[in-house]
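Here's the structure we're looking at; comments come further down.
Each chain gets a letter, A, B and so on, in the order the sequences are listed, and its residues count up from 1.
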Protein chains: 2
Amino acid sequence: MVERVVPEERRQRRRPTKQGAVLSERLIVETALRLVAQHGAEALSVRRLGAALGADPSALYRYFRNTDALLLALADELIGRAQEGWRPTGDWRADLRAIGLRIHASYQSNPQAALLAAHRTTGRVHETRAVETILGILRSAGFPDPLAVRVYHAFVDQALAFAAQDAAALALPAAAQEADAEVWHQAYGRLPADTHPNVAATFPLLAADMRGSGYPFALELLLDAIAARLPAAR
Amino acid sequence: MVERVVPEERRQRRRPTKQGAVLSERLIVETALRLVAQHGAEALSVRRLGAALGADPSALYRYFRNTDALLLALADELIGRAQEGWRPTGDWRADLRAIGLRIHASYQSNPQAALLAAHRTTGRVHETRAVETILGILRSAGFPDPLAVRVYHAFVDQALAFAAQDAAALALPAAAQEADAEVWHQAYGRLPADTHPNVAATFPLLAADMRGSGYPFALELLLDAIAARLPAAR
DNA sequence: AGCTTACGACAACACCATTGACGTGTCATG
DNA sequence: CATGACACGTCAATGGTGTTGTCGTAAGCT
């Protein structure tokens, strides 16, 4: 097969499609995100995306070598949106907290796409910038390189894992979402104290706490532990 | 469409297929798990499963209303297998670590099914038993109820989130898996020191560390932080 | 022994990603 | 301003997917 993809920056000719659309990597990514947001993850197919763009499906292969490459571009776009407008404060702990919460929030804003994208390594610009930033925060805070790398890994994986996990809940149909919450109260609210004493004793607390995401507290705990491993400065 | 599925317990006639196999829910689930284990996640299709069973693909629809129902059955089977044989030691930290790693490991053993399971609250016996156990460990370790509940939430969500995250990576088509690994060397190995000094400085460490899961270290950090919040005993 | 019907098989449908071939509109060159 | 090269949108085809309407037959009841 001949390589059909021309890198975006080297693209010169832009011929409109029969329906008048002028394609670009940007337009394709944005249309794909819109498609997923409006009609769910399963609505994202080359054929449907082509239709939404007003182009033949195969035209997409002039921009992405396959659907995997497109998916990576979507993932990178989400990472990029998470970083928009953020500036480091110089306080490593505050900065890490902000980045973690921003990644989480960005993925929640498009749960369907987040589910597709959260577990990929893109190697694209937004991602490499985020990696560079986080590593910079840790190294200039005084973590020696081997520790900085391990901490980076745990921090990033946890942010992405929670983001995907919470996105999955949001991605459920609204009806199924409420039904799930109901089932939770039904099943756990009625567990008898003789077989499940600990659940029974803490049920009101549990029910209240499980409403929200576990991420903010888990992040705080992670930051606690990281701080404890920071070699005493001075 | 007519409902084709007859519940397993009410099944009476067992007609062999042309190739002589006698189908059952058990046989189908076990064959499916074997198929995935031997030939990878992408080998699991209705057609291939039918072929592996020695039956027409459409015969499966006499046992499962669709592939989602089949995958749920696979997931349920895995949950059952995972909990076998674990006993608490009385050391809260060792017990939590063991539970976390067990959940993680069992999901890795069949990523495809794990992806479905990790995002759903079943409220069924295996799940409620796990909740009861973890809460019991925390409460008898001396955590006051409100803290025990928050810690429980963070711990469980972390385990499930990482399990799903790492399962997702394993469930990718082999090609995408290799692509992700390649990206680390291609994209991150070539980032110039003037734009990405921190990545450039730590690249060998990074490439080595990112090969494995971030969970074991993230779990250890979480346990560190939890221990630090345990009210001094005595 | 005969009847009912469960269940396996067949064939078809609608969708999917991907690719080779083609021709036209766009741009760089002169 | 004309021209030639070729980028890129289009077409058509391939081989995959899950799913379903229909049918015959053999299993198991009476």
Side-chain angles (χ1 to χ4, degrees), chain A residues 1-25 27-28 31-32 35-36 39-72 116, chain B residues 1-25 27-28 31-32 35-36 39-72 74 112 116 172-176 179:
Chain A
M1 171 209 173
V2 212
E3 182 54 77
R4 315 167 84 114
V5 177
V6 171
E8 187 73 8
E9 64 273 15
R10 217 179 305 145
R11 211 171 269 273
Q12 298 182 322
R13 307 182 186 182
R14 310 211 92 107
R15 177 198 327 211
T17 70
K18 272 191 170 176
Q19 298 181 44
V22 177
L23 301 182
S24 68
E25 211 172 277
L27 179 65
I28 294 172
T31 304
L35 204 56
V36 171
H39 301 100
E42 69 276 18
L44 186 61
S45 75
V46 175
R47 286 169 149 77
R48 266 195 272 248
L49 182 51
L53 284 162
D56 188 274
S58 65
L60 298 178
Y61 291 88
R62 300 286 182 194
Y63 293 83
F64 301 96
R65 57 166 36 248
N66 52 33
T67 50
D68 196 64
L70 171 60
L71 199 60
L72 293 181
L116 298 176
Chain B
M1 170 210 174
V2 210
E3 181 54 76
R4 314 167 86 114
V5 177
V6 171
E8 187 73 8
E9 64 273 13
R10 218 179 304 146
R11 209 173 271 274
Q12 299 183 321
R13 307 184 189 179
R14 310 214 90 109
R15 171 185 347 197
T17 69
K18 272 192 170 175
Q19 299 180 43
V22 177
L23 301 183
S24 69
E25 213 172 275
L27 178 65
I28 295 173
T31 305
L35 202 57
V36 172
H39 300 101
E42 70 269 30
L44 187 61
S45 74
V46 175
R47 286 169 151 78
R48 268 195 271 247
L49 181 52
L53 284 163
D56 189 272
S58 65
L60 297 178
Y61 291 88
R62 301 285 182 192
Y63 295 82
F64 301 96
R65 54 163 40 249
N66 53 34
T67 50
D68 198 64
L70 170 60
L71 281 172
L72 282 178
L74 298 189
Q112 188 82 340
L116 253 123
L172 286 176

Please list each protein N or O that sits under 3.5 Å from an N or O in nucleotides 28-30 of chain C, with the distance.
none

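Smallest separation of non-hydrogen atoms from Ala52(B) and Thr31(B): CB-CG2, 4.0 Å. Minimum heavy-atom separation, Phe64(B) to Ile28(B): CE1-CG2, 3.7 Å.
Side-chain to base pairing of Arg14(A) with dT26(C): no donor and acceptor N or O lie closer than 3.5 Å to each other. Between the side chain of Arg4(B) and the base of dT5(C) there is no donor-acceptor pair of N/O atoms closer than 3.5 Å.
Every salt bridge (charged side-chain N to carboxylate O under 4.0 Å, His left out) that Glu8(A) has, sequence neighbours left out, goes to Arg11(A), Arg14(A). Under the side-chain hydrogen bond (donor to acceptor under 3.5 Å, both in side chains) criterion, Asp68(A) pairs with Arg120(A), sequence neighbours left out. By the side chain to side chain contact (heavy atoms under 4.5 Å, CB included) test, Leu44(A) pairs with Ala32(A), Leu35(A), Val36(A), Leu49(A), Leu74(A), Leu116(A), sequence neighbours left out. Residues passing the salt bridge (charged side-chain N to carboxylate O under 4.0 Å, His left out) test with Glu25(B), sequence neighbours excluded: none. Considering only residues two or more places apart in sequence or on other chains, Ser58(A) meets the side-chain hydrogen bond (donor to acceptor under 3.5 Å, both in side chains) condition with Asp56(A). When the side chain to side chain contact (heavy atoms under 4.5 Å, CB included) test is applied to Ala43(A), the partners found at least two apart in sequence or on another chain are His39(A), Arg48(A).
The side chain of Arg62(A) has dC8(D) as its nearest neighbour among dC7(C), dC8(D), dT19(C).
Residue contacts shown for Pro57(A) are absent, as no nucleic acid heavy atom lies under 4.0 Å away. As judged by a 4.0 angstrom heavy-atom cut-off over every strand, Ala59(A) is placed among the base-contacting residues.
Neither OP1 nor OP2 of dT19(D) sits under 4.0 Å from any side-chain N or O of Ser58(B). OP1 or OP2 of dG8(C) has at least one side-chain nitrogen or oxygen of Tyr63(B) nearer than 4.0 Å. A sub-4.0 Å separation between OP1 or OP2 of dT24(C) and a side-chain N or O of Lys18(A) is absent.
Looking at residues 40-50 of chain A, you'll see Ser45(A), Val46(A), Arg47(A), Arg48(A) sit with a heavy atom under 4.0 Å from some atom of DNA chain C.
With rounding to whole Å, Arg65(A) atom CZ is found 17 Å from dA17(C) atom P. Remark: P of dA5(D) and CZ of Arg15(A) are 17 Å apart, rounded to the nearest angstrom. Remark: P of dG8(C) and CZ of Phe64(B) are 12 Å apart, rounded to the nearest angstrom. Rounded to a whole Å, the CZ atom of Arg11(A) is 15 Å from the C1' atom of dC27(C). Atom-to-atom, CZ of Arg10(A) to P of dC8(D) comes out at 11 Å; the value is rounded to the nearest Å. Between the CG atom of Asp68(B) and the P atom of dT17(D) there is a distance of 18 Å, given to the nearest Å. Distance CG (Leu70(B)) to C1' (dT19(D)): 14 Å, rounded to an integer number of Å. Rounded to a whole Å, the CG atom of Asn66(B) is 8 Å from the P atom of dT20(D).
The 5' end of DNA chain D is approached more closely, in terms of each residue's nearest nucleotide, by Arg13(A) than by the other of Asp56(B) and Arg13(A).
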**OP:** Please report the C-alpha distance between Tyr61(A) and Val46(A) in whole Å, then the side-chain angles of each, then the deciding distance to 0.1 Å, and finally whether the side-chain contact (heavy atoms from CB on, under 4.5 Å) criterion is met.
**Re:** CA-CA 9 Å; Tyr61(A) 291 88; Val46(A) 175; 3.7 Å; yes

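The one candidate from Leu27(A), Leu23(A), Val6(A), Val5(A) that meets the side chain to side chain contact (heavy atoms under 4.5 Å, CB included) condition with Tyr63(A) is Leu23(A).
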Extract all donor-acceptor atom pairs below 3.5 Å that involve side chains of residues 15-22 of chain A and protein atoms in other chains or at least two apart in sequence.
{"residue": "Thr17(A)", "atom": "OG1", "partner": "Gln19(A)", "partner atom": "N", "Å": "3.3"}
{"residue": "Thr17(A)", "atom": "OG1", "partner": "Gly20(A)", "partner atom": "N", "Å": "3.3"}
{"residue": "Thr17(A)", "atom": "OG1", "partner": "Ala21(A)", "partner atom": "N", "Å": "3.2"}
{"residue": "Thr17(A)", "atom": "OG1", "partner": "Gly54(A)", "partner atom": "O", "Å": "2.7"}

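Annotation: the terminal axes of the helix from dA1(C)-dT30(D) to dG30(C)-dC1(D) meet at 20°, where each axis is the rotation carrying the C1' atoms of four end pairs onto the next four (5 pairs per end, rounded to 10°).
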